[in-house]
Amino acid sequence: MERTSGVLLHISSLPNKFGIGSFGQSAYDFVDFLVQSGQTYWQILPLTTTSYGDSPYQSFSAFAGNTHFIDFDLLVKDGYLKDSDFAGVDFGQDPENIDYGLIFNVKRPILETAVKNFLNSEDIYEFKFFVEKNESWLEPFAEYMAIKEHFGLVSWDQWDEDIRYRDEDALEKYRMMLAKEMNFHRVTQFFFFKQWNELKSYANKQNIQIIGDMPIYVAGDSVEMWSTPQFFKVDSKKRPTVIAGTPPDNFSEDGQFWGNPIYDWEYMKRHNFDWWVTRMEESFKLYDVVRIDHFRGFESYWEVPADAKTSASGKWAKGPGIALFDTIQDRLGDVKIIAEDLGFMTQEVIDMREGTGYPGMRILQFGFSTVDSVDLPHHYVENSVAYVGTHDNETALGWYKDSASPEVQAQVNRYLHRHDSETVSQALNRGIAASPSYLAVYTMQDLLNLDNSARMNTPSTIGINWKWRMVDNAITDSLTRNLYALTDTYFRLNVKNQANDIICSETEVSELNEDTLVTEIN
């Protein structure tokens with residue numbers, strides 16, 4: 001397998017003037033950085049909508065995109081906005097943190113202006129084609145969001161009974177009454193996919209591949225639960241009978257409630273896993289590689305009665321197993337998938353992963369406990385993806401300072417032969433770069449040597465997550481050169497870009513490898 005590397009940075013964390021990262025110039029600049037530093041992959045988090053808690057893993061739709069990522073400057077370029085349409089708008093005063101409540105309120109009227117101008121233009125042939133091509137998911141989504149807004153944004157299970165149960169007369173009434181609002185959601189989805197596809201095309205032309213992320217579950221407050229309840233374990237009133245969670249462990253005596261509805265896998269199997277095949281097919285229109293979150297849940301998952309007081313009342317239940325992935329391969333061919341195989345692993349889960357041939361994940365932070373561990377690089381296999389930490393973990397510096405004991409800190413320094421002038425982030429990144437894993441992925445926070453104030457997500461908490469943003473000009477020539485040198489040293493350079501000598505001459509690379517790798521990143 002070809003040795004490669006990449007960087008994990010979600011779209012929301014890109015810098016700009018609009019309060020949250022977008023598909024605008026800073027995204028293109030980030031692609032250029034990846035090219036110049038010798039990378040092959042850009043890994044992002046789910047691009048779907050966010051809801052309560054701002055998590056991209058709790059979306060109103062498994063297919064619709066997050067319209068916060070639509071770039072206003074690109075809409076100006078296309079003629080659907082003027083600079084004056086958003087001049088003076090306060091999108092947030094802290095360039096390193098997203099104010100989700102603020103941008104939810106201030107971006108909507110600007111997007112409404114863009115939609116109105118777009119629909120009054122003569123250039124809507126492409127839009128009509130988009131609506132027709134994506135009708136199967138777009139129309140239910142437009143209905144769901146328009147009706148949800150009509151009822152003050154509450155979940156579908158709190159709507160009036162006739163529309164809650166999708167009575168045909170009620171559906172027709174709301175379609176007529178909310179025609180303008182439904183068109184808003186159609187057009188903004190068109191904007192989203194047009195801008196994303198252009199960005200992805202730019203990345204691919206620069207030989208950068210996109211690793212996307214697919215949550216295993218959908219949210220209870222979602223169009224799927226409202227429009228296709230037959231896919232889930234629900235009662236006659238479409239209420240979940242069981243929900244997803246985790247069993248008790250060393251971190252929680254009661255386990256964790258996730259709250260997501262659970263699939264009726266028997267129903268899905270009888271229907272040839274059509275919904276999952278479609279979901280994967282649509283995902284591969286967005287991404288070159290798909291990371292499937294909570295992969296172990298396809299073998300068995302923790303199922304909690306919906307009325308239980310704690311997740312400890314749950315039990316293990318069997319998932320579809322490898323049959324699902326055999327079907328996906330039969331229908332879609334050899335697609336590129338990464339299995340997020342973290343958490344409680346059994347031999348059955350390992351056998352399922354091995355049967356698919358998908359690479360699993362290794363987290364270097366997990367490896368240090370003063371005893372030997374499968375998460376230490378000398379145990380990594382080639383068919384794996386190595387990380388220092390993921391979006392759910394502390395940053396490298398934060399973990400070392402705040403969580404690692406003095407004994408573990410000493411083990412880190414000893415195991416990695418950390419130099420006195422080398423930051424802990426650099427040492428840990430070097431650890432995964434040198435590993436046998438065919439792919440090493442560095443988080444942007446670790447490349448910048450940031451502490452836990454830049455942490456993306458702390459599981460089982462709400463209100464403090466998904467907010468971090470990279471400041472403008474954070475990526476320096478020094479950082480780019482250091483990453484290129486690290487990538488070159490451990491033979492992970494993008495083979496399609498190597499001939500370009502994008503950053504350094506052969507002499508400069510040699511000097512960087514000897515000296516710069518241990519220089520602290522400021």
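It should be emphasised that the depicted structure is a prediction, and the values quoted were computed from it without experimental measurement.
- Below 30°, between 30° and 60°, or above 60°: for Tyr287 and Trp196 the angle between ring planes is above 60°, a perpendicular geometry.
- Checked against the 6.0 Å centroid threshold, Tyr125 and Phe130 do not count as a close aromatic pair.
- Summarising the geometry, atom OG belonging to Ser22 is positioned 8.5 Å from atom CD1 belonging to Ile11; distances are rounded to the nearest 0.5 Å.
- Under the 30°/60° scheme for interplanar angles, the aromatic rings of Trp226 and Tyr144 are found to be tilted.
- The side-chain contact (heavy atoms from CB on, under 4.5 Å) test with Ile147 singles out one residue from Asp160, Val223, Ile163, and that residue is Ile163.
- Taking every heavy atom of both residues into account, Gln158 and Val154 meet most closely at CB-CG2, 3.9 Å.
- Between Tyr80 and Phe118, the two ring planes are perpendicular [angle over 60°; tilted spans 30° to 60°].
- Using cut-offs of 30° and 60° for the angle between ring planes, the Phe141 and His185 rings count as perpendicular.
- In this structure, CG in Leu447 is found 8.0 Å from OH in Tyr442, a value given to the nearest 0.5 Å.
- For the atom pair CG of Asn204 and CG of Leu199, the computed distance is 9.5 Å after rounding to the nearest 0.5 Å.
- Within a 6.0 Å radius of NZ in Lys315, no more than 12 heavy atoms belonging to other residues, nucleotides or ligands are found.
- Atom NZ of Lys116 sits in a sparse spot, with 12 or fewer heavy atoms from other residues, nucleotides or ligands closer than 6.0 Å.
- Sparse packing is recorded around CZ of Phe104, with 12 or fewer heavy atoms of other residues, nucleotides or ligands lying under 6.0 Å away.
- The six-membered or imidazole ring of His10 lies near that of Phe69, with a centre-to-centre distance under 6.0 Å.
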